[in-house]
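Report on the following structure.
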Amino acid sequence: MKLGNNLRRCRFEKGEMSQEDLANAVGVTRQSIHSIEKGKFVPSALLALKLARYFGKTVEEIFYIVDD
Amino acid sequence: MCMKTLIKPLLWICIFLSAINLIWLVFSSVLYSDIQGTLTRPPIYLNMIYCGLLFLILNTLLILFTTIHSLKILKRFFIAGILLIILGVLSFSGIIIHYACILDVEHDFADGYGIAPEIKTASAIQIIHLLFLLFALIYFVLILKSPENPALSKTVFREQIFVTMNITGIVCSIAGLYVVLHYFSYLNMGIKGSHLLKNYDITPFIFILLPYLFITAGWVIRYIKDRLAGVIDEKQTSDINRSGMIAMLVSLPLLLIIMFKTFLGTPVVSHGIYITGTITILWVPLYLFLVILIFSSSALYSFRNK
């Protein structure tokens, strides 16, 4: 099982914001956002909630489980 | 990370390394001023000059690389950049002549010949190195302060200081391991380990570690400030944790192999010196640089690829 996400789509829905802007907004590095989007890094519950709150969505709307 | 955002950490690395190199040049000038005394002491003293040259090679290459890339971004400093590159090439060529001079001095002194011309040449080249490093320092500080060099957002700064710390770690640990391995070879030639500790032979390790210590301190301050502000960069924390684990798992067996090789591969006593005790003297710097090398390489790899 892997963690999928709609982070990229959310960014573009929010005025095509850059990874850097999102990173600044939630207090991580741009590389962190990049890794999460690529599915290489699994964020903690806290960061997932921060991202969800920032986009005004639920965590499930941004993150989902991908079955093998 | 594109070159435009990588230029700032490179500038900082160059400034730190140049400052350390300048201190080293002063240090080797002190050794030159009493060259007869230096040559009659154990070869480790001369080796310090060689180590300084190795460090200078790495630093010069990095300065040239950074300057070439800074020219593409900061056009206002074009002429100064070109001058720095010319000085850099001269200084780099000078390193080879400098190295040859020291080798000549070493051999001629042993054979009883005069060493004055070689010392003059080496001293002249030291001046070129000195000019190059001073010019590089001024150039890089000016670039950092330039309005053309845009202020970075906090997130990019966090990335840059992390990358800078790890690149510096790799450069410093390679230089450190080179020095440690040379110490080993001298110890096996029959120089007492206690002699190394009593004299100023620990100095190279301090010089080599200084840039890494400064940048790590900067990163730690940044990290603590972020934590106090409620900002946690999980990716960086995860990279650090993973690298720490890898560094421990890889360095311990390596150290065990080196230790067993030292204990089993050399005679216990040679020329009245307890050679197998060498590992007990040098294991700290050896282990330290090994850990820094593995840790920094792994952290940089994780940061870029994971």
Side-chain angles (χ1 to χ4, degrees), chain A, chain B residues 1-9 12 149-167 215 218-246 296-306:
Chain A
M1 271 195 293
K2 283 174 76 178
L3 187 74
N5 66 79
N6 297 315
L7 215 52
R8 192 178 166 82
R9 206 185 67 203
C10 293
R11 276 198 299 116
F12 279 85
E13 281 173 4
K14 202 160 172 109
E16 295 193 5
M17 78 183 306
S18 65
Q19 288 181 339
E20 188 180 336
D21 291 337
L22 178 59
N24 273 325
V26 293
V28 292
T29 54
R30 188 181 41 183
Q31 195 72 19
S32 302
I33 299 295
H34 176 76
S35 301
I36 295 169
E37 278 187 8
K38 290 271 175 193
K40 289 177 177 173
F41 176 66
V42 179
S44 70
L46 180 69
L47 183 53
L49 284 164
K50 269 188 187 178
L51 287 164
R53 189 166 69 178
Y54 181 75
F55 288 116
K57 293 175 187 270
T58 61
V59 174
E60 287 84 355
E61 282 177 291
I62 300 177
F63 295 99
Y64 53 87
I65 290 172
V66 183
D67 291 313
D68 288 330
Chain B
M1 193 184 277
C2 70
M3 203 58 221
K4 202 161 187 171
T5 53
L6 194 65
I7 199 82
K8 221 157 193 171
W12 278 112
N149 201 359
L152 298 169
S153 69
K154 277 186 179 175
T155 173
V156 177
F157 182 71
R158 276 187 210 116
E159 271 179 39
Q160 289 199 346
I161 197 162
F162 188 72
V163 173
T164 308
M165 180 178 78
N166 290 311
I167 295 176
I215 293 174
W219 180 82
V220 169
I221 291 166
R222 175 87 250 162
Y223 192 81
I224 292 170
K225 274 172 88 175
D226 281 350
R227 287 299 285 256
L228 291 174
V231 175
I232 304 166
D233 192 342
E234 292 169 8
K235 174 76 171 40
Q236 245 178 51
T237 312
S238 151
D239 290 344
I240 291 278
N241 291 343
R242 186 191 286 115
S243 310
M245 183 63 80
I246 292 170
S296 302
S297 317
S298 161
L300 204 58
Y301 177 79
S302 300
F303 179 76
R304 300 300 294 270
N305 299 304
K306 294 280 177 193

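Just so it is clear, the structure is predicted and the values come from calculations on it, not from any experiment.
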- Distance col, row B:Ser302:OG vs A:Lys40:NZ, nearest 0.5 angstrom, shows 11.0 Å
- Message: Looking at every heavy atom in both B:Lys235 and A:Ser35, which two are closest together, and how far apart are they?
- Response: CE-OG, 3.0 Å
- Query: For the atom pair CD (B:Glu234) and NZ (A:Lys50), what is the distance rounded to the nearest 0.5 Å?
  - Reply: 7.5 Å
- Does atom NZ of A:Lys38 have more than 12 heavy-atom neighbours from other groups under 6.0 Å away? no
- Return yes when atom CD1 of A:Ile65 has more than 12 non-hydrogen atoms of other residues, nucleotides or ligands closer than 6.0 Å, and no otherwise. no
- Task: Please answer whether the main-chain N or O of A:Arg30 pairs with a side-chain N or O of B:Glu159 as donor and acceptor at a distance below 3.5 Å.
- Result: yes
- From B:Ile161 atom CD1 to A:Thr29 atom OG1, the distance as rounded to the nearest 0.5 Å: 13.0 Å
- Note on the structure: Taken to the nearest 0.5 Å, the spacing of B:Phe303 CZ from A:Ser32 OG works out to 7.5 Å
